[in-house]
Undergrad: 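Okay, handing you the structure first.
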2 protein chains.
Amino acid sequence: MRSPQELTERFRSEGLKVTPQRQLLFSLLHNNTEHPTAEALYSTASEQMPGISLRTVYQTLSDLTSMGELGQVSIDNGPARFDPNITDHHHAVCDICGAIFDIHVDGTAKLATDIDSGFTPSSMSIVYHGSCASCVAA
Amino acid sequence: MRSPQELTERFRSEGLKVTPQRQLLFSLLHNNTEHPTAEALYSTASEQMPGISLRTVYQTLSDLTSMGELGQVSIDNGPARFDPNITDHHHAVCDICGAIFDIHVDGTAKLATDIDSGFTPSSMSIVYHGSCASCVAA
DNA sequence: GTGCTAATCTGCAACTCGTGCGAACAAACA
DNA sequence: TGTTTGTTCGCACGAGTTGCAGATTAGCAC
Ligand SMILES: [Mn+2]
Ligand SMILES: [Mn+2]
Ligand SMILES: [Zn+2]
Ligand SMILES: [Zn+2]
């Protein structure tokens, strides 16, 4: 996701308003690698801006997502996790604490699949499940 | 998933009862490659057994899942899809019609990842998104 | 076949996550 | 400072799933 400053410019240039609520979310998401849920962002945002509405958090996240500034990851059937990292990458999920880690995977082009030749793939994603370092240690 | 006959034996041998509702679901799932949702199974089941409860469908699916006889696939944030194919395989999803296809992928062991050395992976899954043959044709 | 009992089924309430809606509000700009 | 939209907020609602408890029934003993 771009920086709060760049997002501010983009919003204004598209006739969208830059509100304090949006600015707060821009800053909470910037460089955030935690893949937070809407509820988690709402909780953090509420500390800095009591009274902000959960509805507004959902609204802003969905705006950023449809603008292509924010990614979304869904793991199992849990709540949506938002991902400011929109570069090409994959994920490793700790089944114990639920943490999600960004990973890069090389060699995917060389994978051999029996996928039907009539199927036209447009993207692929890989998710590893397992236990993270801190959970293994504990 | 094992055959209705084998499941019947397993259920009885574990002190579980073999009811008409369970038998019907065993047969609806056997060799089913559609990755159906609970609602879809309920709908089909209702034709053959009017009055069967959606709650019972959920209950039986979750029993089979925790017995390891049935798999579960989650795609984006849609409803859970159930998968009688519990062999090692991956999926291709048509973004137009929503169909899910089983695929096999070779070479996954050779993938190079920057996954943290402290992370202990126990499984990985690959999902391709794209357009299926019938949707491309249409 | 009858009866017993624990497992199951069913209907409904409740719960989680998310969206639709409309009135109150405020950013942008003249 | 006023006007115009876009935005925020609160609440109702919707999908998907689970908890609960009373009615039902499979499995088994006699
Ligand atoms: Mn990520
Ligand atoms: Mn499958
Ligand atoms: Zn962990
Ligand atoms: Zn299709």
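No experiment lies behind these values; they were computed from the predicted model shown. Proteins get letters first, then strands, A, B, ... in listed order; numbering begins at 1 in each.
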Undergrad: Starting at CG of B:Leu24 and ending at C1' of C:dC9, how long is that distance when rounded to a whole Å?
TA: 14 Å
Undergrad: Name the closest nucleotide to the A:Pro79 side chain, picking from D:dT8, D:dT17, C:dC17.
TA: C:dC17
Undergrad: To the nearest Å, how far apart are A:Gln59 CD and D:dG10 P?
TA: 15 Å
Undergrad: Honestly curious: do B:Leu111 and A:Phe101 fall in one hydrophobic cluster under the side-chain, below-4.5 Å linking rule?
TA: yes
Undergrad: Between A:Gln21 and D:dC9, is there a side-chain N or O to OP1/OP2 distance below 4.0 Å?
TA: yes
Undergrad: Can A:Ile100 be reached from B:Ile115 by stepping across I, L, V, M, F, W or Y side chains whose heavy atoms are under 4.5 Å apart?
TA: no
Undergrad: Can you tell whether the side chains of A:Glu6 and A:Arg10 come within less than 4.0 Å, N to carboxylate O?
TA: no
Undergrad: Mind listing the closest non-hydrogen atom pair of A:Val57 and A:Leu25 along with its distance?
TA: CA-CD1, 4.0 Å
Undergrad: Less than 4.0 angstrom between a side-chain N/O of A:Thr56 and OP1 or OP2 of D:dC9, yes or no?
TA: yes
Undergrad: Taking all heavy atoms of B:Met1 and all of B:Glu69, pick out the closest pair and write down the distance.
TA: CG-O, 3.0 Å
Undergrad: Rounded off to whole Å, could you give me the CG-to-P distance for the A:Asn77 and C:dC17 pair?
TA: 12 Å
Undergrad: Please give, in whole Å, the distance from C:dT16 C1' to A:Asp76 CG?
TA: 16 Å
Undergrad: Whole angstrom is fine here: how far is it from CE in B:Met49 over to C1' in D:dT25?
TA: 13 Å
Undergrad: With respect to the phosphate group of D:dT18, does any side-chain polar atom (N or O) of B:Tyr58 fall under 4.0 Å of OP1 or OP2?
TA: no
Undergrad: My understanding is that only residues two or more places apart in sequence, or in another chain, count here; which of them pass side-chain hydrogen bond (donor to acceptor under 3.5 Å, both in side chains) with B:Asp102?
TA: B:His35, B:Asn85, B:His89, B:His91
Undergrad: Please classify the nucleic acid contact of A:Leu54 as base, sugar-phosphate, or nothing, using heavy-atom distances under 4.0 Å.
TA: nothing
Undergrad: Does A:Gly51 reach a base, just sugar-phosphate, or nothing at all? Heavy atoms under 4.0 Å.
TA: sugar-phosphate
Undergrad: Starting at CD1 of B:Ile52 and ending at P of D:dT24, how long is that distance when rounded to a whole Å?
TA: 17 Å
Undergrad: List the protein contact pattern of nucleotides 24-30 of chain C with one symbol per nucleotide (5' to 3'): B for base contact, S for sugar-phosphate-only contact, - for none; contact means a heavy-atom distance under 4.0 Å.
TA: --BBS--
Undergrad: Could you list the protein-to-nucleotides 12-14 of chain D atom pairs, N/O on both sides, closer than 3.5 Å?
TA:
none

Undergrad: Whole-Å distance between D:dG6 P and A:Met67 CE?
TA: 14 Å
Undergrad: Which atom names give the shortest non-hydrogen contact between B:Phe119 and A:Ala92, and what distance separates them?
TA: CZ-CB, 3.8 Å
Undergrad: Taking the minimum atom-to-atom distance to the side chain of B:Arg22, which one of C:dT8, D:dC9, D:dG16 wins?
TA: C:dT8
Undergrad: In whole angstrom, what separates B:Leu61's CG from D:dT17's P?
TA: 10 Å
Undergrad: Show the numbers, then the answer: is there a side-chain hydrogen bond (donor to acceptor under 3.5 Å, both in side chains) between B:Gln5 and B:Ser3?
TA: CA-CA 5 Å; B:Gln5 296 76 4; B:Ser3 73; 3.2 Å; yes
Undergrad: For the aromatic rings, using the six-membered ring if either is Trp, is the centroid distance between A:Phe11 and A:Phe26 under 6.0 Å?
TA: yes
Undergrad: With respect to the side chain of B:Arg55, which nucleotide from D:dG10, D:dT18, C:dC9 is positioned closest?
TA: D:dT18
Undergrad: Hydrophobic clustering (ILVMFWY, side-chain heavy atoms < 4.5 Å, transitive) - are B:Tyr128 and A:Tyr128 grouped together?
TA: yes
